[in-house]
Amino acid sequence: MSNTQTTKLVTITPKAAEKVTAFMAEEAEKPQFLRVYVQGGGCSGLSYGMGFEKAAEEDDLVIEENGVKMLIDSYSADYLKGANIDYIESLMGAGFKINNPNVTKSCSCGHSFNTS
């Protein structure tokens, strides 16, 4: 059974929420949630992942902000405390950026990190 958080483990900016909502609307399966997770791998040890889901899993935390329902599993929650998801558009391209206060080291590509 999923748990709904009242204090925000992870936040999402209005611009990122707008992009997530637009991308979800394009999906044929009509997902209800944005899953944000951490997995092993990358040159610094851990990397972020995001994807769409139709339903929450048993150990998921459900966080709703700016109209987006996010799912975070219990493993990822430890690494994402206080993180913020933003959407950046620049001359170098556009994409989601996770600003995580727990990161102590990240690689030059910006896709992997370490917290110890």
Side-chain angles (χ1 to χ4, degrees):
M1 176 141 216
S2 64
N3 300 314
T4 302
Q5 287 280 103
T6 50
T7 33
K8 302 293 191 250
L9 175 72
V10 175
T11 57
I12 186 167
T13 65
K15 183 166 191 149
E18 179 183 315
K19 288 295 185 181
V20 167
T21 302
F23 290 145
M24 278 183 163
E26 294 173 3
E27 293 288 314
E29 295 144 8
K30 301 299 177 209
Q32 300 297 310
F33 301 94
L34 171 67
R35 177 171 298 284
V36 181
Y37 60 93
V38 170
Q39 62 188 4
C43 35
S44 291
L46 297 168
S47 61
Y48 299 112
M50 291 178 17
F52 296 133
E53 299 279 344
K54 290 179 85 169
E57 298 289 331
E58 190 172 318
D59 78 329
D60 286 338
L61 296 172
V62 179
I63 301 169
E64 186 167 0
E65 184 164 312
N66 292 319
V68 174
K69 292 179 184 174
M70 296 179 281
L71 299 177
I72 300 170
D73 63 82
S74 57
Y75 172 81
S76 299
D78 291 337
Y79 297 100
L80 292 170
K81 288 179 184 159
N84 175 263
I85 301 169
D86 197 3
Y87 189 82
I88 307 294
E89 293 177 298
S90 71
L91 294 174
M92 299 297 290
F96 292 98
K97 177 169 176 42
I98 297 178
N99 301 302
N100 188 340
N102 305 303
V103 171
T104 57
K105 178 181 145 194
S106 63
C107 66
S108 59
C109 70
H111 292 288
S112 69
F113 67 97
N114 201 319
T115 59
S116 55

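Rounded to the nearest 0.5 Å, atoms CE (M24) and CG (L34) are 5.5 Å apart.
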Please tabulate, for side-chain N and O atoms in residues 83-95, each donor-acceptor pair with protein atoms closer than 3.5 Å (sequence neighbours left out).
from, atom 1, to, atom 2, distance (Å)
N84, ND2, T11, OG1, 2.7
D86, OD1, T13, OG1, 2.9
E89, OE1, K15, NZ, 2.6
S90, OG, M92, N, 3.2
S90, OG, G93, O, 3.3

What donor-acceptor contacts under 3.5 angstrom involve side-chain atoms of residues 70-77, with partners at least two apart or in another chain?
from, atom 1, to, atom 2, distance (Å)
D73, OD1, Y75, N, 3.0
D73, OD1, S76, N, 2.9
D73, OD1, S76, OG, 3.3
D73, OD2, S76, OG, 3.0
S74, OG, D59, OD2, 2.9
S76, OG, V38, N, 2.8

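Heavy-atom neighbours of K30 NZ from other residues, nucleotides or ligands within 6.0 Å: above the threshold of 12. In E29, the CD atom is not crowded: 12 or fewer heavy atoms of neighbouring residues, nucleotides or ligands sit closer than 6.0 Å.
By the 4.5 Å heavy-atom criterion applied to side chains, Y48 and L80 are counted as neighbours.
Heavy-atom minimum distance, I98 versus M50: CD1-SD, 4.3 Å.
Y37 and L61 fall into different hydrophobic clusters, where Ile, Leu, Val, Met, Phe, Trp and Tyr side chains are chained together by heavy-atom contacts under 4.5 Å.
Formation of a donor-acceptor pair under 3.5 Å by the E53 side chain with backbone atoms of F33 is not found in this model.
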